[in-house]
Amino acid sequence: MKSNIKLNNTYTLTIQDMGHSGEGIGRINNFTIFVDKSVIGDKVEVKIIALKKNYGMGKVIKYIEHSPYRTTPKCSIASQCGGCQIQNIQYEKQLELKKKIVKDNLERIGGLSDIKVHDVIGMEEPFRYRNKGQFPIGYKNKEIQLGFYMTKSHEIVPCDACQIQHETSDVILQKIKAIIKKHNITIYNEKTGKGNLRHIITKVAYATEEMMLILVTNGKELPNKEAFIHDIIKEMPFITSLIQNINTKKSNVILGPKNITLYGKPTITDKIKDIAFNISPQSFYQVNPIQTEKLYEKALEYANLTGEETVFDLYCGIGTITLFLAQKAKKVIGVEIVQEAVKDAQKNAKQNQIDNVEFHAGKAEDIVPKLYKQGAQADVVVVDPPRKGCDEILLSTIADMQPNSIVYISCNPSTLARDLKYLSKKGYKTQEVQPVDMFPHTMHVEAVTLLTK
Ligand code: SAH
């Protein structure tokens, strides 16, 4: 009951849950209080610093008891950096939390209460797993700042070793600032829109150790270009693709539309199982290669193919899942919005000598209804949308196509639950859900779901 709770008063509560951004959630007389800098199991004294109709915010005044689930983070900036929100929670507990998030969303948003949600498939060694790093760059007290944004802010926490990234990205973080300084490359200022270098992006192919370094700049010009490139490659000879990406827009979108290859190849090549994939700067590629294999294996198992099926792989990126499905299906049709990714997908199919696939560039919600009108059929449909989930037009077209099963890969349990609810009204029953931990130490949750007609 809110009426008993007063702004600025202090209360004692136990943290029972974790919110989206890794904040603790406790209750006072059943009224929800969000508490920053607390973890599940903490007993804390909080001062109420905000009070809304349905919830309040508490600031920790005193830790009365530390949670038994707490652990010391490996990373010294874990409490400031917006990347790892829950590195201070034991890994086993993180997995339990993620399973509960999936279950809660299915129940609360999807109205699906008796669905089998399996234990989360975790990592044996949940560090150094990421193949992609995006590092904002700024200027403070006449020093270049390179690292990560703080939670809910654009202030940069400097970082020269990230415990969840591949080790080579540390080398770049440690060496690049001096090279930027030596060649007088200016640093972009978000407020004024002036200055050149905006972001540094690293992409590593774990299987081949090829590495792409992307320099996102505010304009085409790079003063001392030749000498700058020369020094980067001399200091970091493991770079196989050095790319300049031009982004002149004043926005939070990191990449601009144009890429220039400054050195090496325009793509890197990675391998998942026995299939090789070319990855362009603009293309999406799963960030955790070890878990990706487990995720795709599950998706394939759920697709349950015999070799006779026509399959749709929607939101297909560079055709990763498409090509695995193709090895077991009659034909697979991939749909993806990013043109560059579709080109990668076509090249990947060709290079791996897989020819029972076709790719379409465009929005799934535009392309699939069009193909359906032209008479396309599907026995199995796989979808792997971004966080906002699937468009309703797409879901209704899928239901009209009457596939035997739908495999839904999701990185956002709330939109997953919403879409499963919609599909259940259209006659598709959710059979089981398998969460896979693609993002240890963060609150992000990935899950594969099987639906059948
Ligand atoms: N299945 C792929 C990619 C999944 S990420 C893999 O496992 O690698 C989601 C993909 O959906 C991204 O490649 C993104 O570019 C694409 N996408 C986003 N909105 C889309 C839309 N409306 N229609 C088709 N693709 C879309």
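Remember, it's 1-based here, ligands and their atoms both numbered in the order they're listed. Heavy atoms only: backbone and side chains are in, while hydrogens, waters and symmetry mates are out. Predicted model, so just to flag it, every value in this text is computed and none were measured. For reference, positions follow the sequence shown, starting with 1.
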Students often mix this up, so state it plainly: with edges at 30° and 60°, are the rings of Tyr206 and His166 parallel, tilted or perpendicular? perpendicular

Contact list for residues 401-415, test side-chain hydrogen bond (donor to acceptor under 3.5 Å, both in side chains), sequence neighbours left out: Tyr408-Asp419, Asn412-Ser414

Could you pull out every protein residue that has a heavy atom closer than 4.0 Å to ligand 1, ordered by chain and then number? Phe284, Gln286, Tyr296, Tyr315, Cys316, Gly317, Thr320, Ile321, Glu336, Ile337, Val338, Gly362, Lys363, Ala364, Glu365, Asp384, Pro386

What orientation do Phe324 and Phe277 show, parallel under 30°, tilted 30 to 60°, or perpendicular over 60°? tilted

Which residues pass the side chain to side chain contact (heavy atoms under 4.5 Å, CB included) test with Asp119, not counting sequence neighbours? Lys99

Which residues pass the side chain to side chain contact (heavy atoms under 4.5 Å, CB included) test with Ile254, sequence neighbours left out? Gln134, His199, Ile201, Val216

Matching residue for Tyr285 among Thr320, Asn131, Asp270 - test: side-chain hydrogen bond (donor to acceptor under 3.5 Å, both in side chains): Asp270

